[in-house]
Each structure stands twice: as structure tokens, then as C-alpha cells.
There are 2 protein chains.
Amino acid sequence: MAEVKLSARQEAILKFIGEFIEENGYPPTIREIGKACKITSTSVVNYNLNKLEREGLINRDREVSRGLRLTAQRPSENMFRIPLVGRIVASEPVPVPSSDFKIFGDDEAIELTKDLVTPQEDLFALQVQGDSMVDAMIGDGDIVIMRPHKDVKNGDLVAVWLKDREETTLKRIYRENERIRLQPANPNMAPIYIENPAQVRVQGRVVAVLRKT
Amino acid sequence: MAEVKLSARQEAILKFIGEFIEENGYPPTIREIGKACKITSTSVVNYNLNKLEREGLINRDREVSRGLRLTAQRPSENMFRIPLVGRIVASEPVPVPSSDFKIFGDDEAIELTKDLVTPQEDLFALQVQGDSMVDAMIGDGDIVIMRPHKDVKNGDLVAVWLKDREETTLKRIYRENERIRLQPANPNMAPIYIENPAQVRVQGRVVAVLRKT
DNA sequence: TTATATCACGAACGTGCGTTCTAAGTCAAG
DNA sequence: CTTGACTTAGAACGCACGTTCGTGATATAA
């Protein structure tokens, strides 16, 4: 579409709407727009708003006072919440949230921006307890963002529960024929080889790690 | 303040306002609130809104249609940007942004929420290049949020430039009498002792670490 | 010239919407 | 019981606000 066709007036209106919403938390009325942009007639404002709507730059709800909003970047669009479901300890399996058990009382949640993580429905967060994962460059108190089980590819950093050792670790996983190789993130450390795939339970893929100091 | 004094109706109103704004981009009218919360009289809604305002939960602009907004987390309020000023390499000093050199063309910036970092004016971000800081639990590609120089306290995780070695590392710093102890985050590694304080240049304090996988 | 489209002005209409007033029901303290 | 604070209800007032209509100015094409 041609986005160049904006007259000076329409640009002024658009700019004013943005500033007004930012400042007041609600959109301006036609008359407020008119006063700010030195337009004496409400019908002129209305005319230009219709123009802007046809251009796709704003939405309007007719017959509704202040019934307009900018289509462009609504601020909250760039933010989302991830439930913080618990702690991850080396000696216990990861507490993966069951899908039917919805966390409603989500006072415990982390707010993130899309810069960090592309949002998906089933993401969840865990706080690491203990220094057992230093070899994965993850320390005590760090928060890991995870995505449950499915579609784990070779090379992904995953949380696995090792049945025989009875412990959880974070490692890169590689399926090699019959056996599984678990590669520590620290290149100085040797990999673990698991001959029997039934001995490992992949609990999720690590999507991101956050550390506050 | 007492936040417990909300009646069921007031909570319903508050919840509806939030949902309405989320959905429509502008606040509801008194009558819309009334219809949604099964309140037949506008004055009752008005009464409860005044209650909520006195409680500090909403703001109202009188004589203005839809003139109300939630005081709690206004979405954009909880977000801020940090300039991504460059890369941090072990073999070079940290590129601390000079205060008079304002980064205006900040296409390179990271959006964060206040959950992660308490916002301050002079924060900046660097992307780590290379595996030279694994002992600080920081890997290649990680992003460190930093705050320049001043008020570095014992135990802070800082970026230091070691003059004699000509390298940058991230370590916890401790001033011990005349000498300086640099303690790796990995507890298995031995500390570095610097006898001559002029040999180290503290370039900033690490506030947070982010890793995308 | 006429025709069509774009843009601006002012006024009037009808309703949306915040405000205010009167009245009444509930409940705990006296 | 009465009193008073709190909450709900209904109605009326009056301005706020989106809409529509008539008018006119300007510009480009036939």
C-alpha cells in the first residue's frame, strides 16, 4: 500500500493521537483532536480519521466516544508472561506443568519481551537451585525458560532425567544410532554416553537463560 | 495500605476494566461497566469507581467520557530499552559508551521488563564473543547487561581490564588491603590476586546475563 | 466550460455519558 | 430499638461527542 499519501494534517492528527494515548491512557475525542491540530470543524477531523482508517493506520469503533486506536505497535503486544512453575534441582525430575493443570493463580510469573523469546503457549520457567549445572554455564538462582518435551532435535540444550543416576542435568543431546550422547556446554568436559535410551527422559528444551546479579 | 477491602463487585469491575482495555484499546464507559457487571444504575458504578480511585487502583479524569485508567502495570510502563553498544571480547577493553556520546540511532537495542532489571539511565548491553568467560558461567553469544564503573562493592561481578595480561574478564572483585582478589564465578577455579591496583581497570558491573538458545 | 475527486468549514441533530439527587435496604455499634 | 456508615437503585439534568448535511474552495481531466 501507499503510505506516502498522508497530508500534513493527517500526520499531525496521527502524531497527536499517539501522544495523547501515551499521556492519558485513553484516546482523544474528535474535538480534542481538532483543537490540538487547529481544526475548527469536527467534520473535518472525522473526514481525516476516515481517511486514516482506510489507510489502515487506525481502527475506529463507530458511534463510540473515543472509539479509536492505533493499529501500529500496541505497546503491550511486545510483552508476555511465562509462569514460574517451580525450582529445578539436580536430584529431582523437572516439574513440568501438566497441560490440563492450568496455572491460574499466576502471581508467580515472569514478564518478558519478544526480543528475548518468541512466545509460545506452553513455555514455562524454572529457577535453578544449587550449583550442579555450572558445566552448562548455569548457576544457582538462574532462571531457565523451557519448552516441554516434543520436537527435540540433535544439538538442542535439554533438561534430562537420568533414571539410573537419579538426577536432572542440562546437556546438549545427540542421538547416535542406538546410544545417546549428552554433551556438556563447557567444552572442557567430557560427554556422557547412554547406551539404553530408556534410561533418559527428556523433560524439555531450554529456550533461554536469565541471570540477575 | 489495605488492599483487602475490595467487595466482589469492585473486583469484578476492576477485572472487567482490564479486559476491556486489553480488548478494545480504550477504557469502558460507566454504563458498559454496569452492563458487564450486572449493575443497573450508573450511580452505583460511579460510586464504586470512586471507591477504587480512593484505594489508588485506578485514576479518573472527571467529566471526561471513558476518563479512567488502571494505575497498576500500565503495559509500556513495565518496559524499557537498553542500547546494545557492541561486543565484549577477551582481548579488548570493554567498549563503555561515553556519557556525552548518546546513542540515538538505537536500532540496536534490547527491550526488557522491569522484572529482570531495575531500570537506570546508564545501563548498556554487550554481546559476548568467544568462550573465554565460561568460568564466569557466560558463553559465546550471551548478552550481559552492565552498569558503568562507579560504586563497585566487594563481591560484585564486574568486567575488568587487566593491563599486564591485556585481556578483559568477568570476575567477582574483592579489595583486600593493598591487593585485589578476582574470584571466578565457578567455585572450582582458583582466584587471581593482583598486587598492584593500577593494573586493573574496572569497566562496569554486570547487572544481568541473558542467553537465547 | 463541465465533471469528478479531494479537502475544508459550520451548524444542527440525536444520543452517549458523567454527574447529581432522592430513596431505600443492609449491617454492626450504641 | 435507633443511629450512622456502607451499598444499591432509579431518574433526571446537561454537557460531550459522533454523525450528517449543506456549502464552498481547489485541482485535475475530459
Side-chain angles (χ1 to χ4, degrees), chain A residues 1-21 23-71, chain B residues 1-21 23-71:
Chain A
M1 252 302 186
E3 303 185 10
V4 249
K5 297 181 61 177
L6 292 187
S7 76
R9 248 190 184 156
Q10 285 156 14
E11 276 205 75
I13 291 175
L14 209 55
K15 183 178 162 213
F16 172 72
I17 293 175
E19 292 171 353
F20 191 97
I21 293 179
E23 186 166 341
N24 297 292
Y26 48 83
T29 66
I30 283 187
R31 276 168 245 262
E32 282 164 345
I33 296 172
K35 202 182 302 172
C37 301
K38 304 198 196 315
I39 302 173
T40 61
S41 171
T42 60
S43 63
V44 176
V45 178
N46 187 51
Y47 166 80
N48 284 294
L49 286 181
N50 284 329
K51 216 76 200 307
L52 289 173
E53 188 185 23
R54 202 168 307 128
E55 214 69 35
L57 294 168
I58 63 173
N59 288 336
R60 295 192 73 188
D61 288 358
R62 312 203 180 183
E63 320 242 351
V64 168
S65 69
R66 305 179 190 275
L68 57 95
R69 54 187 169 279
L70 299 176
T71 53
Chain B
M1 250 299 184
E3 303 185 10
V4 249
K5 297 182 62 179
L6 292 188
S7 75
R9 248 192 184 156
Q10 284 156 15
E11 277 203 76
I13 290 174
L14 211 54
K15 183 177 163 214
F16 172 71
I17 293 175
E19 292 171 353
F20 191 97
I21 293 178
E23 185 165 342
N24 297 293
Y26 49 82
T29 66
I30 283 187
R31 277 168 244 261
E32 283 164 344
I33 296 173
K35 201 182 301 170
C37 301
K38 305 198 196 313
I39 302 173
T40 62
S41 171
T42 61
S43 65
V44 176
V45 178
N46 186 52
Y47 167 80
N48 284 294
L49 287 180
N50 284 330
K51 216 81 201 304
L52 289 173
E53 187 186 24
R54 201 167 308 126
E55 215 69 34
L57 294 169
I58 63 174
N59 288 337
R60 297 192 71 188
D61 289 358
R62 309 200 184 186
E63 320 241 350
V64 168
S65 70
R66 305 179 189 274
L68 58 94
R69 52 188 169 281
L70 299 176
T71 53

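Note on naming: letters A, B, ... go to the chains in the order of the sequence lines (proteins, then strands), and numbering restarts at 1 for each one.
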Nearest-Å distance, CD (E53(B)) to P (dG18(C))? 14 Å

Send over the distance from I30(B) CD1 to dA16(D) C1', rounded to a whole Å. 14 Å

Among dT8(D), dT6(C), dT19(D), the one nearest any side-chain atom of N46(A) is dT19(D)

Rounded distance [0.5 Å steps], CD1 in I21(B) versus OH in Y26(A): 11.5 Å

List in chain and number order the residues that pass side-chain contact (heavy atoms from CB on, under 4.5 Å) with F16(B), two or more places apart in sequence or in another chain; answer none if no residue qualifies. F20(B), P28(B), I33(B), A36(B), C37(B)

Quickly work out the I39(B) CD1 to dG10(D) C1' distance and round it to whole Å. 14 Å

Partner set under side-chain contact (heavy atoms from CB on, under 4.5 Å) for T40(A), not counting sequence neighbours: none

Once you round it to whole Å, what is the distance between P of dG16(C) and CD of E32(B)? 11 Å

Could you work out which one of dC17(D), dT7(D), dG18(C) sits closest to the side chain of Y47(B)? dT7(D)

Write down the distance between CG (D61(A)) and P (dC17(C)), rounded to a whole number of angstrom. 11 Å

Report the residue (N48(A) or R31(A)) whose heavy-atom-nearest nucleotide on DNA chain C is the more 5′ of the two. N48(A)

What distance separates I30(B) CD1 from N46(B) CG, expressed to the nearest 0.5 Å? 4.5 Å

If a stem is a run of at least 3 consecutive Watson-Crick or G-U pairs, both distances under 3.5 Å, which stems include DNA chain C? C:1-30 with D:1-30

Sequence neighbours excluded, which residues qualify as side chain to side chain donor-acceptor pair (under 3.5 Å) partners of R31(B)? none

Whole-Å distance between dT19(C) C1' and L49(B) CG? 13 Å

Heteroatom pairs (N/O) under 3.5 angstrom, protein to nucleotides 22-28 of chain D:
none

Looking at R9(A), does any N or O in its side chain come under 4.0 Å of the phosphate oxygens OP1/OP2 on dC9(C)? yes

In whole Å, I'd like the distance from the CD atom of E55(A) to the P atom of dC7(C). 10 Å

Pick the closest DNA chain D nucleotide for V64(B) and for K38(B) by heavy atoms, then say which residue is nearer the 5' end. K38(B)

Below 4.0 angstrom from OP1 or OP2 of dT20(D), is there any side-chain N or O of R62(A)? no

With rounding to the nearest 0.5 Å, note down the distance linking CZ in R9(B) to CG in N48(B). 7.0 Å

Give a yes/no on whether any side-chain N or O of R54(A) is located under 4.0 angstrom from OP1 or OP2 of dT6(C). no

Qualifying residue, where the test is side chain to side chain contact (heavy atoms under 4.5 Å, CB included) with L49(B) and the options are L68(B), V44(B), L14(B): L68(B)

Closest to the T42(B) side chain: dC17(D), dT20(C), dG18(D)? dT20(C)

Taking the minimum atom-to-atom distance to the side chain of Q10(B), which one of dC9(C), dT19(C), dT7(D) wins? dT7(D)

Is a donor-acceptor contact shorter than 3.5 angstrom present between the side chain of S41(B) and the base of dG10(D)? yes

List the atom of E53(B), the atom of R60(B), and the distance in Å for their closest heavy-atom pair. OE2-N, 3.5 Å

Does any N or O in the side chain of R66(A) come within less than 3.5 Å of the main-chain N or O of P27(A), such that one atom is a donor and the other an acceptor? yes

Once side chain to side chain donor-acceptor pair (under 3.5 Å) is applied, do any residues pair with T42(B), and if so which ones, sequence neighbours excluded? none

Quickly work out the N50(B) CG to dT8(D) C1' distance and round it to whole Å. 15 Å

Short side-chain N/O contact from K51(A) to OP1 or OP2 of dC7(C), under 4.0 Å: yes

